[in-house]
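Below: the structure, in structure tokens.
Reminder, nothing fancy here: chain letters follow the sequence lines and each chain counts from 1.
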Number of protein chains: 2
Amino acid sequence: MDVRSLRYFIAVFEERSLSAAAKRCFIAQPSISTTLSQLEEDLDTKLFVRHSKGVAPTDSGTQLYPHACRMVNELNDIKDMFRKNAKPLTLSISLAPFLSGTLISQVIKTMLDEIPGLTLSLVDASESADLRFTCDSYTKNDDVFYPLWEDDYVVAMPVGYWLADYTSISIKQIDKQPFVSRTPCDILESWNFIMQKQGLTTDVRAQVKTEEYALDLVAAGLGISLIPEHSARGRGDIVLRTLNDIALKRVVGLAHNKDRSFPAYVINTILMSKNKFFGKKSAIKSRVA
Amino acid sequence: MDVRSLRYFIAVFEERSLSAAAKRCFIAQPSISTTLSQLEEDLDTKLFVRHSKGVAPTDSGTQLYPHACRMVNELNDIKDMFRKNAKPLTLSISLAPFLSGTLISQVIKTMLDEIPGLTLSLVDASESADLRFTCDSYTKNDDVFYPLWEDDYVVAMPVGYWLADYTSISIKQIDKQPFVSRTPCDILESWNFIMQKQGLTTDVRAQVKTEEYALDLVAAGLGISLIPEHSARGRGDIVLRTLNDIALKRVVGLAHNKDRSFPAYVINTILMSKNKFFGKKSAIKSRVA
DNA sequence: GCAGGCTATAGGTAAAAACTAGAGCACCCA
DNA sequence: TGGGTGCTCTAGTTTTTACCTATAGCCTGC
């Protein structure tokens with residue numbers, strides 16, 4: 001019987017549903033199911049009656065709930081007690097220009113929420129920052145890199161563009177298309193190499209620096225472009241199609257200089273929150289550059 | 001940060017030593033070391049200063065201690081709360097006649113200590129019992145068997161016997177020796193088979209039923225005998241020697257009928273306490289007969 | 001300066017917890 | 001009444017964590 005079980009129990013009790021509790025805890029539903037069974041076995045009492053539209057707490061469950069809450073809260077209090085003692089921490093962070101913001105802003109929000117006393121200042125990517133959101137291909141040798149998620153590159157095109165009729169497209173269909181080029185881009189070299197090898201060309205209509213601007217131009221009908229999926233998701237004014245014959249991807253993560261040391265829990269907090277935002281398959285293992 | 005870490009922390013705090021804490025928790029010293037480091041990292045504070053003759057708590061450590069104790073106690077209270085609700089439980093247990101008692105009495109003591117409301121009644125091995133301490137070779141097909149430890153068979157001989165000069169002996173040296181035979185014995189058949197195959201005989205001076213009686217006769221100088229190590233350990237009036245050319249062993253454990261069901265935590269409590277008593281190597285995995 | 005404590009690190013193994021896929025059940029709605 | 005939906009449970013697999021052994025390194029006392 002550990003606190004993990006109690007956390008799950010609390011979620012189930014409040015949601016009146018294993019599936020909902022699983023979502024709330026960012027884990028799969030069978031994990032909740034087995035953990036809860038173990039808890040029931042350990043306490044030798046059924047905590048919920050299962051029916052087809054959720055679960056209802058038994059008397060034992062109702063009895064356990066306040067105690068479970070108290071346990072979990074007290075454990076959090078202990079943690080806070082020591083972290084509050086710690087001197088307020090100010091970190092500078094930077095964002096690589098080719099990264100767009102929705103997911104990263106969620107990460108930053110989590111950091112501020114979960115690390116009391118933390119102050120962040122955003123600096124330009126050209127300046128040196130304590131923590132840098134960037135891609136693995138842009139890390140230096142004396143960096144430590146913590147991967148956060150993987151982005152697949154997809155083709156972005158205006159609504160109604162002829163290529164949108166295909167569910168996924170071949171790189172050969174890109175030949176001679178009007179194109180919005182973006183630089184710096186971590187896969188630009190591989191892209192050029194592949195195009196050249198296949199004897200393909202694009203008709204470059206614009207050269208831009210940021211993903212947002214590229215997407216705006218695509219939406220305006222200037223041409224198509226190659227964009228990491230997470231950056232383009234959620235825009236209704238463009239259409240995204242995957243490439244079916246080549247897989248281009250980048251690994252987005254957090255880098256800092258090896259010599260710069262923070263309290264370890266800062267990094268841990270960020271890594272812990274990974275599967276909150278990114279599906280399991282795109283949240284990948286750590287690696288030191 | 002889980003309760004396990006806090007338990008270890010408490011042990012270290014009270015023992016003022018990682019090694020001593022490890023012994024008290026029945027785990028290896030490096031496990032304490034790493035777990036404690038993780039806790040320190042998580043709370044972002046050193047809890048102990050290490051020096052060459054143990055550790056001394058820092059202010060943070062001293063501050064944490066009472067909270068840690070409270071957490072652990074409250075968790076135990078929750079467990080007890082539900083277990084006390086449960087109806088008092090009475091189980092009959094039996095002991096196979098060829099098992100001697102020191103280790104088993106420890107197991108029984110643990111059961112009574114850790115399961116409030118449990119009453120045990122010892123019945124004769126011939127009667128049917130809820131739980132039976134026995135060997136794996138004596139389980140029936142409709143039994144569930146939980147292994148507790150392995151016993152190596154060793155040769156027991158009187159103090160000063162000529163074979164005692166060897167640190168370990170060969171089965172060939174047993175040939176024509178005065179022997180105290182014991183039956184029932186779970187490896188009797190294998191033993192006879194091996195002896196016969198090698199053309200060896202023993203000079204049987206006595207036929208007895210229990211291990212204790214066999215050891216008494218050996219101590220009295222009547223002959224040598226073959227005894228599971230755990231049963232013979234701790235007697236100063238006999239000498240034990242391992243066999244170097246054959247390995248005879250038995251698996252001692254707890255059996256019950258498949259259809260007879262108990263609260264799962266009864267079995268769990270017993271299995272949890274395994275490495276309290278038996279070294280890691282002899283405490284082995286569960287198996288269903 | 002060497003023996004005997006102690007803790008820390010490295011590398012491998014076993015156990016626990018997580019995931020995916022799919023079965024089975026009750027309910028709802030056509 | 002049959003099919004779809006949403007729920008939980010089971011089985012089998014993979015990943016992660018905890019633990020072990022062996023050994024290095026560091027002080028202390030002899």
Is a side-chain donor or acceptor of A:Ser31 paired with a backbone partner of A:Ile27 at a separation under 3.5 angstrom?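 Absent.
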
Can you check whether B:Leu47's main-chain N or O pairs, donor with acceptor, with B:Glu40's side chain at less than 3.5 Å?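 Here the side-chain-to-backbone pair exists.
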
With heavy atoms under 4.0 Å as the rule, sort [X] into base, sugar-phosphate or nothing.
| X | result |
| --- | --- |
| A:Thr34 | nothing |
| B:Tyr8 | sugar-phosphate |
| A:Ser17 | sugar-phosphate |

Determine whether any donor atom in the side chain of B:Gln29 lies under 3.5 Å from an acceptor atom in the base of C:dC6, or the reverse, and answer yes or no.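 For B:Gln29, whose side chain was compared with the base of C:dC6, there is no donor-acceptor pair (under 3.5 Å).
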
Nearest whole angstrom, please: distance from the [atom2] of [N] to the [atom1] of [X].
| X | N | atom1 | atom2 | answer |
| --- | --- | --- | --- | --- |
| A:Met272 | D:dT16 | CE | C1' | 13 Å |
| B:Glu41 | C:dA8 | CD | P | 13 Å |
| B:Arg4 | D:dT16 | CZ | C1' | 13 Å |
| B:Arg16 | C:dC6 | CZ | P | 16 Å |
| B:Ile32 | D:dC19 | CD1 | C1' | 11 Å |
| A:Ile27 | C:dA18 | CD1 | P | 5 Å |
| B:Asp2 | D:dA18 | CG | P | 6 Å |
| B:Gln38 | D:dT16 | CD | C1' | 12 Å |

The single option from A:Val3, A:Asp80, A:Leu6 passing side chain to side chain contact (heavy atoms under 4.5 Å, CB included) against A:Leu75: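 That would be A:Val3.
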
Would you check if there is a donor-acceptor pair between the side chains of B:Asp136 and B:Thr139 at a distance under 3.5 Å?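 There is no such pair (donor and acceptor under 3.5 Å, judged by atom type) between the side chains of B:Thr139 and B:Asp136.
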
For A:Arg24 and A:Glu14, run salt bridge (Lys or Arg N to Asp or Glu O under 4.0 Å): C-alpha distance rounded to whole Å, both residues' side-chain angles, the deciding distance at 0.1 Å, then the answer. CA-CA 10 Å; A:Arg24 178 163 134 184; A:Glu14 293 179 351; 2.6 Å; yes

Is the shortest side-chain N/O distance from B:Ser52 to OP1 or OP2 of D:dC26 below 4.0 Å?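 For B:Ser52, the contact criterion (side-chain N or O under 4.0 Å from OP1 or OP2 of D:dC26) is not met.
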
Side chain of [X] only, please: which of [options] is the nearest?
| X | options | result |
| --- | --- | --- |
| B:Ser33 | D:dT21, D:dT8, C:dA8 | C:dA8 |
| A:Ala28 | C:dT20, C:dT7, D:dC7 | C:dT20 |
| A:Arg50 | D:dT21, D:dC19, D:dT8 | D:dT8 |
| B:Pro30 | C:dA8, C:dA18, D:dC7 | C:dA8 |

Does B:Ser37 or A:Ser31 map to a spot on DNA chain C nearer the 5' end, using the closest nucleotide for each?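 This one resolves to B:Ser37.
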
